[in-house]
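Below is one structure, written out as structure tokens; comments come after it.
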Amino acid sequence: MGVSLTVADSKRAFHSAFPYVIAPIYRRLVDELLVELHLLSHQKGFQADGLFAVGLTQVFDSFSNGYRPENQREPLFKALCSANGFDGAALRSQAQQAREQVGHHSLEEVKGWLSNQGEGAPELIASLLRSVQRDDFHYSRLVAVGLLSLLQSAQGADAIDPQALRSAAHEIGEAMGLIKDRVDKDLSLYAGNIEKMSQAVELMEETVAAERRRRERAAEGSAT
């Protein structure tokens with residue numbers, strides 16, 4: 001990754017890779033991820049490891065829910081990554097593998113792995129958790145979201161109250177040596193923004209449907 005690249009360079013690279021109109025509701029997502037990925041790519045202690053991949057894909061997939069046209073959604077993700085020197089397809093694969101490995105185990109097992117820096121976990125999970133222990137490890141909100149996403153992937157997690165899972169992620173983050181207040185703040189903001197985005201998407205879809213019905217009624221009226 002070229003250290004001389006600026007945010008403006010990343011934005012130009014993104015628009016070159018993704019030359020499509022982006023609905024206003026998703027522009028904030030694009031702008032924030034572009035800047036966040038740019039800054040992370042220039043952090044000395046940052047590594048695009050499995051935990052980052054899980055967090056990034058979770059954030060993108062959650063906030064791009066309802067994106068239209070659907071077939072542009074993955075190209076959008078890849079363009080955001082490539083504009084900052086990341087391989088979107090490779091990160092997607094890393095995240096999928098991590099979630100699949102976690103999905104074969106119970107929530108209690110996964111919580112134990114996370115709390116004990118990967119001890120007893122499959123090697124892929126153990127390696128991504130060991131990365132947090134590096135002296136030069138660089139924390140970002142994507143790490144916190146990655147932890148939560150791994151918990152959500154465990155067997156039986158779908159039967160657990162979402163707030164309880166977030167609380168578990170807070171505790172595990174602290175056990176891993178992360179700053180609890182940072183994890184608490186990042187996961188609380190993530191949950192709140194997901195809810196707001198879901199409401200905005202629902203409103204957008206209702207508005208589009210209402211406009212479609214209005215046009216259909218107008219067309220029927222002019223035909224009679």
Side-chain angles (χ1 to χ4, degrees), residues 1 5 7 10-11 13-15 17-18 22 26-67 70 72-103 110 114 118 124-125 127-132 134 136-154 157 165-166 169 172-173 176 178 182-183 185-194 196-198:
M1 296 178 222
L5 294 181
V7 172
S10 294
K11 289 184 176 182
F14 167 75
H15 289 296
F18 192 81
I22 299 172
Y26 298 105
R27 286 177 192 161
R28 182 179 176 183
L29 164 70
V30 170
D31 286 342
E32 288 187 353
L33 279 182
L34 266 174
V35 172
E36 185 168 11
L37 292 177
H38 174 84
L39 294 176
L40 285 175
S41 72
H42 288 72
Q43 289 292 335
K44 184 178 179 181
F46 171 76
Q47 290 185 10
D49 55 23
L51 197 54
F52 162 75
V54 173
L56 174 61
T57 55
Q58 179 70 26
V59 166
F60 177 83
D61 292 346
S62 297
F63 286 101
S64 66
N65 186 38
Y67 191 91
E70 174 66 28
Q72 288 183 7
R73 193 178 178 194
E74 196 60 19
L76 172 61
F77 174 73
K78 292 179 178 177
L80 284 167
C81 292
S82 65
N84 290 288
F86 300 111
D87 185 333
L91 290 173
R92 178 72 73 183
S93 178
Q94 278 182 276
Q96 183 176 348
Q97 289 177 44
R99 290 193 183 96
E100 286 176 351
Q101 287 204 8
V102 167
V110 175
L114 296 174
L124 175 63
I125 303 300
S127 64
L128 68 86
L129 295 177
R130 283 196 298 268
S131 69
V132 178
R134 297 193 326 269
D136 64 346
F137 172 74
H138 180 77
Y139 172 84
S140 78
R141 65 166 180 148
L142 298 178
V143 170
V145 176
L147 286 175
L148 177 61
S149 182
L150 287 179
L151 286 177
Q152 292 170 332
S153 301
L165 281 178
R166 288 199 297 273
I172 289 166
M176 294 173 67
L178 303 179
R182 286 283 305 275
V183 175
K185 178 183 176 182
D186 288 338
L187 289 183
S188 294
L189 284 173
Y190 170 70
N193 288 336
I194 285 293
K196 291 177 184 177
M197 189 65 172
S198 296

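Nothing here was measured: the structure is a model prediction, and the numbers come from that model.
Under a 3.5 Å cut-off, the side chain of Arg141 and the backbone N or O of Leu187 do not form any donor-acceptor pair. Using modelled atom types, one side-chain atom of Arg134 and one backbone atom of Ser131 make a donor-acceptor pair closer than 3.5 Å. When atom types are taken as modelled, the side chain of Tyr26 and the backbone of Phe63 share no donor-acceptor pair closer than 3.5 angstrom. In this structure, the side chain of Ser188 does not engage the main chain of Lys185 through any donor-acceptor pair within 3.5 Å.
Closest approach of Leu165 to Leu151, counting heavy atoms only: O-CD1, 3.8 Å. Of all heavy-atom pairs spanning Gln94 and Ala48, the tightest one is OE1-O, 3.7 Å.
Classification of Glu74 and Lys78 as a salt-bridged pair fails, no side-chain N sitting under 4.0 Å from a carboxylate O. Between Arg92 and Asp61 there is a salt bridge, since a side-chain N of the basic residue sits under 4.0 Å from a carboxylate O of the acidic one.
Aromatic ring pairs are classed by plane angle as parallel below 30°, tilted from 30° to 60° and perpendicular above 60°; the pair Phe60 and Phe77 is tilted. The aromatic rings of Phe14 and Phe18 sit parallel, their planes meeting at an angle under 30°, below the 60° perpendicular limit.
A 4.5 Å side-chain heavy-atom check between Gln58 and Gln152 finds at least one atom pair inside the cut-off. Counting heavy atoms from C-beta outward, Val145 and Val54 have side chains that stay 4.5 Å or more apart. Counting only heavy atoms from C-beta outward, the side chains of Phe86 and Leu56 never approach each other to under 4.5 Å. Between Leu34 and Val7, every side-chain heavy-atom pair lies at or beyond the 4.5 Å cut-off.
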| Step by step, would you call Asn193 with Lys196 a side-chain contact (heavy atoms from CB on, under 4.5 Å)? | CA-CA 5 Å; Asn193 288 336; Lys196 291 177 184 177; 4.2 Å; yes
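Here OG1 of Thr57 is found 8.0 Å from CG of Leu91. Values are rounded to the nearest 0.5 Å.
Within 6.0 Å of CZ in Arg28 there are 12 or fewer heavy atoms belonging to other residues, nucleotides or ligands. Heavy-atom neighbours of Glu100 CD from other residues, nucleotides or ligands within 6.0 Å: above the threshold of 12.
A donor atom on one side chain and an acceptor atom on the other are found under 3.5 Å apart for Ser10 and Asn84.
Ring centroid separation for the pair Phe46 and Phe52 comes in under the 6.0 Å cut-off.
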